[in-house]
Every structure is written in C-alpha cells, then in structure tokens.
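Comments concern the structure below.
Here is how names work: the chains are called A, B, and so on, in the same order as the sequence lines, proteins then strands, and each is numbered from 1. Please read all numbers here as calculations on a predicted model, not as lab measurements. For the numbers below, each heavy atom of this structure counts, side chains included, while hydrogens, waters and symmetry mates do not.
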Number of protein chains: 2
Amino acid sequence: MLKVSKLTDYGIGLMASLARREGDNLVAARELSADSGLPLPTVSKLLKVLTSSELLVSTRGASGGYALARRPDQITLVDMIEAVEGPLALTECSGNAACVCELETTCGLKANWSWINQQLLNTLRGITLQNMAGSVARDLRTLTNENTIQNSTKKAVS
Amino acid sequence: MLKVSKLTDYGIGLMASLARREGDNLVAARELSADSGLPLPTVSKLLKVLTSSELLVSTRGASGGYALARRPDQITLVDMIEAVEGPLALTECSGNAACVCELETTCGLKANWSWINQQLLNTLRGITLQNMAGSVARDLRTLTNENTIQNSTKKAVS
DNA sequence: TTCATATAGTACCGTAACAGTACTCTTTCG
DNA sequence: CGAAAGAGTACTGTTACGGTACTATATGAA
C-alpha cells in the first residue's frame with residue numbers, strides 16, 4: 001500500500017484540471033464534476049477542503065466558483081496531499097507530534113522513521129502542481145538518471 | 001497520511017531485532033514477543049508472513065525458531081514493507097497492474113504518478129535492514145545536505 | 001425584491017481494511 | 001511419547017474511507 005487515498009488522487013486531478021485552464025478565473029464545481037466524471041457531491045467536498053487549506057479561493061453566489069489561490073508552480077504535492085488527508089507521517093512515531101508509543105524505548109526506530117519521512121517529504125515537495133498538470137518526467141528528466149538517492153547510497157555504504 | 005500500517009512497523013522492528021543479534025542463529029517467536037512487548041499471536045503472524053516472503057527462514061519443532069534469510073545489508077525497506085502489505089503503489093494507477101480506472105483518459109495523471117512512485121521506491125530501496133538496525137541518518141549522512149531532489153528540481157524548472 | 005445558482009456546512013451510512021485473538025494441526029527434539 | 005515451536009484457519013471489533021443527502025448562506029440577474 002503506502003498509498004494515497006482515492007479522494008486525494010481525485011483532489012489533485014481537480015487541481016490539475018484548474019491549472020490547465022489558464023483563462024477562466026472562476027470555475028464552478030458542477031463544471032469540474034462534468035469534466036472529471038466524478039459525482040458532484042464528491043467534487044464539492046474536495047473543493048471545499050482545498051479551499052479551507054488555502055490552495056483554492058472560492059466565490060459564492062450566482063456565477064461563483066473556484067480558482068487557484070497561487071501560481072501552479074507555487075503549490076507542491078505535499079500541500080495537496082496534506083490538504084486532503086492531514087499531515088503525512090509514515091508511522092505513528094515519524095511525525096512531529098509527541099510520540100506516546102510505549103514501545104519506543106524497545107523499538108528504537110523512531111529516529112530512523114523520522115529521517116525517512118523527511119526524505120519522502122523532500123521528494124514530494126520538489127514536485128509542483130505545474131509539473132502534475134503537464135509531465136513530471138519531462139520537467140524533472142535531469143533527475144531520473146544516476147543521481148538518485150539509491151545510487152548515492154551504494155557509494156556511501158561501501 | 002501516506003502511512004505504513006502498524007503491522008508493517010512492528011514487522012520491521014522484529015527484523016531489526018533479529019539483525020542486532022549477530023550470534024543467535026535461531027530465535028523463537030516467544031522470545032521476540034517478550035523483547036518487543038508485542039503480543040505473541042501478532043508476532044507469530046508477522047514472522048510467518050516474513051518467512052513466506054523469504055526474508056526469514058524458519059525451523060519447526062522444539063528448539064526451532066526464526067533467522068534472517070539474507071545478510072541485513074541485502075534486505076531493503078521495500079522488501080519488508082511489501083512483505084507485509086503487498087506491492088506498494090501510491091495510487092490505483094501507479095503500479096504495474098493494468099489500470100482499469102475509467103477516469104484515466106480524463107485525469108491523465110497516470111504517467112506522473114508512476115514516475116513519482118518510482119522515485120519513492122528508489123528512495124526506500126536505498127535503505128537496508130542494516131541501516132534500520134542502526135542509524136539511518138549516520139549511514140546516509142552524505143545525502144541529507146544539498147543533493148536532494150528538491151533542490152535539483154528548482155534548478156531544472158527555473 | 002425575488003429567484004436561480006453557487007458555495008458552505010452538517011450529518012449519516014455501508015463497506016472494507018486493519019488490528020487483534022483464539023483454536024487446531026504439524027513438525028521436531030529430548 | 002510428550003513438550004515445544006511453527007503453520008494454518010477462522011473469527012471479531014473498530015476505524016477510516018468513500019459516497020450521499022439535506023440544509024443554510026451568499027450573490028448576481030431579472
């Protein structure tokens with residue numbers, strides 16, 4: 001698993017859809033629902049959450065709708081994922097919250113999980129809505145070759 | 001969340017516990033249970049799963065027990081996580097399985113998710129049980145500075 | 001001013017995965 | 001043969017996910 005929830009996936013799809021419409025400054029939930037094929041209630045719920053996380057701005061009333069709160073290159077994957085599913089922590093102990101796990105003294109893994117969590121966050125923070133709206137692989141092509149963490153690690157360990 | 005399940009966390013703790021006992025070639029589930037503070041049934045279930053994924057070897061009968069199937073530096077985080085919770089895919093569409101998501105044509109995010117999934121896998125594959133049994137941060141210190149994907153990205157985009 | 005349209009807020013429910021537990025069977029050493 | 005240990009199966013409670021319905025509020029236009 002290690003998966004992102006369906007709602008999150010949908011939410012990012014909606015954000016990408018908005019990012020691709022440079023022209024329209026306001027898009028109604030109904031329109032995004034038709035576009036994506038997702039049921040309106042689901043879309044509404046997501047847009048509301050994204051708004052309360054300040055990734056979108058909303059205008060109420062007739063001819064209202066939603067728009068991006070910032071430029072697409074100023075919104076990261078972490079922003080979007082955390083907006084829908086809360087602060088992301090690999091394990092109970094890897095987040096910032098005070099860990100009350102009584103096994104902590106015996107397992108001794110907390111520091112490691114925190115470190116790993118930080119690495120994943122860094123990776124995800126490097127990807128923006130702008131990348132997602134287009135092709136991540138094209139934008140970040142320079143990274144896919146030999147300078148990934150994996151290869152560097154082999155060197156560091158040996 | 002983007003979290004790993006509790007069971008997975010426990011499982012890796014057990015693996016680390018085994019990795020730290022260089023001497024003992026066979027350790028009983030009961031012993032690992034006492035060590036970790038986890039209930040025996042839970043420990044047994046996990047050890048069984050880890051064995052069927054060929055990360056551990058088991059010996060039945062009196063004075064039986066479990067041992068690592070390979071050297072700790074030959075077992076990666078991905079091996080352990082997938083052993084407990086199956087193949088890891090960030091979204092329905094990011095794995096290798098044929099994606100039957102009927103929204104795929106509209107969402108157009110599949111390629112991006114696959115790429116991101118691959119990045120995360122690379123990161124996790126770079127961390128071994130040996131690292132987890134000790135200090136990941138110490139072993140991989142050389143990576144924590146400025147050569148993370150995040151900084152390289154900024155350059156590539158600008 | 002009234003109405004249609006849009007977002008905001010709340011509440012609810014069914015399903016499935018997670019986490020934990022119990023019980024039985026099989027193998028092996030003493 | 002019996003004790004000890006792993007292997008297998010099955011069951012259960014809880015929680016979060018995913019989806020839906022209903023109501024309230026705001027705004028532009030007729």
Side-chain angles (χ1 to χ4, degrees), chain A residues 1-14 18 24-34 36-67 69 81 84-89 91-92 101 103, chain B residues 1-14 18 24-34 36-67 69 81 84-89 91-92 101 103:
Chain A
M1 323 274 178
L2 192 82
K3 74 171 45 163
V4 128
S5 79
K6 268 193 192 179
L7 270 307
T8 305
D9 194 7
Y10 296 162
I12 294 177
L14 295 174
L18 278 166
D24 320 12
N25 18 14
L26 279 181
V27 184
R30 192 175 301 270
E31 193 174 346
L32 287 168
S33 165
S36 62
L38 296 170
L40 179 57
T42 299
V43 171
S44 295
K45 187 199 276 189
L46 281 168
L47 293 174
K48 188 178 46 177
V49 168
L50 291 166
T51 302
S52 70
S53 294
E54 299 181 318
L55 299 183
L56 297 179
V57 289
S58 67
T59 304
R60 298 176 70 159
S63 76
Y66 294 92
I81 295 175
V84 181
E85 41 191 72
L88 55 85
T91 65
E92 319 279 337
C101 155
L103 302 170
Chain B
M1 325 271 178
L2 194 82
K3 75 169 43 161
V4 127
S5 80
K6 268 192 191 179
L7 270 308
T8 305
D9 194 8
Y10 297 164
I12 294 177
L14 294 173
L18 278 166
D24 320 12
N25 18 13
L26 279 182
V27 183
R30 192 174 301 270
E31 192 174 347
L32 286 168
S33 164
S36 62
L38 296 170
L40 179 58
T42 301
V43 171
S44 295
K45 186 198 279 188
L46 281 168
L47 293 173
K48 188 179 45 176
V49 168
L50 291 166
T51 302
S52 71
S53 295
E54 299 181 318
L55 299 184
L56 297 179
V57 289
S58 67
T59 304
R60 298 177 69 160
S63 76
Y66 294 92
I81 295 174
V84 181
E85 41 191 71
L88 57 86
T91 64
E92 319 278 338
C101 156
L103 302 170

Closest to side chain of A:Ala29, choosing from C:dA19, D:dG18, C:dT7: C:dT7
Side chain of B:Leu7 (C-beta onward), nearest among C:dA19, D:dT20, D:dA7: C:dA19
From B:Leu50 atom CG to B:Ile12 atom CD1, the distance as rounded to the nearest 0.5 Å: 9.0 Å
Nearest-Å distance for atom pair CG/C1', residues A:Leu38 and D:dG18: 12 Å
Minimum heavy-atom distance between A:Ser44 and A:Ala29, given as atom pair plus value: OG-CB, 4.1 Å
Proximal nucleotide (of C:dT21, D:dA7, C:dT7) relative to the A:Ser58 side chain: C:dT7
Residue A:Pro39, side-chain heavy atoms: nucleotide from D:dA7, D:dT20, C:dA8 that is nearest: D:dT20
For atom NZ of B:Lys45 and atom C1' of C:dT21, their distance in whole Å: 8 Å
Under 3.5 Å between N/O atoms: give me all the protein pairs with nucleotides 28-30 of chain D, atom names plus distance.
none

Touch class at under 4.0 angstrom, heavy-atom based, for A:Lys6 against every strand present: sugar-phosphate
A:Leu38 backbone acceptor or donor facing A:Ser33 side chain under 3.5 Å: yes
Rounded interatomic separation in angstrom, taking OH from B:Tyr66 and P from C:dT28: 14 Å
d(CZ, B:Arg30; P, D:dA7) in whole Å: 14 Å
Nucleotide of C:dA19, D:dA7, C:dT7 approaching B:Lys48 most closely (side-chain heavy atoms): D:dA7
Smallest separation among heavy atoms of A:Tyr66 and A:Leu56, with atom names: CD2-CD1, 4.3 Å
Side chains of B:Thr42 and B:Leu7 in contact at under 4.5 Å (non-hydrogen atoms): yes
Distance test, side-chain N/O of B:Tyr10 to OP1/OP2 of C:dC18, below 4.0 Å: no
Any A:Leu14 side-chain heavy atom under 4.5 Å of A:Ser36 side chain: yes
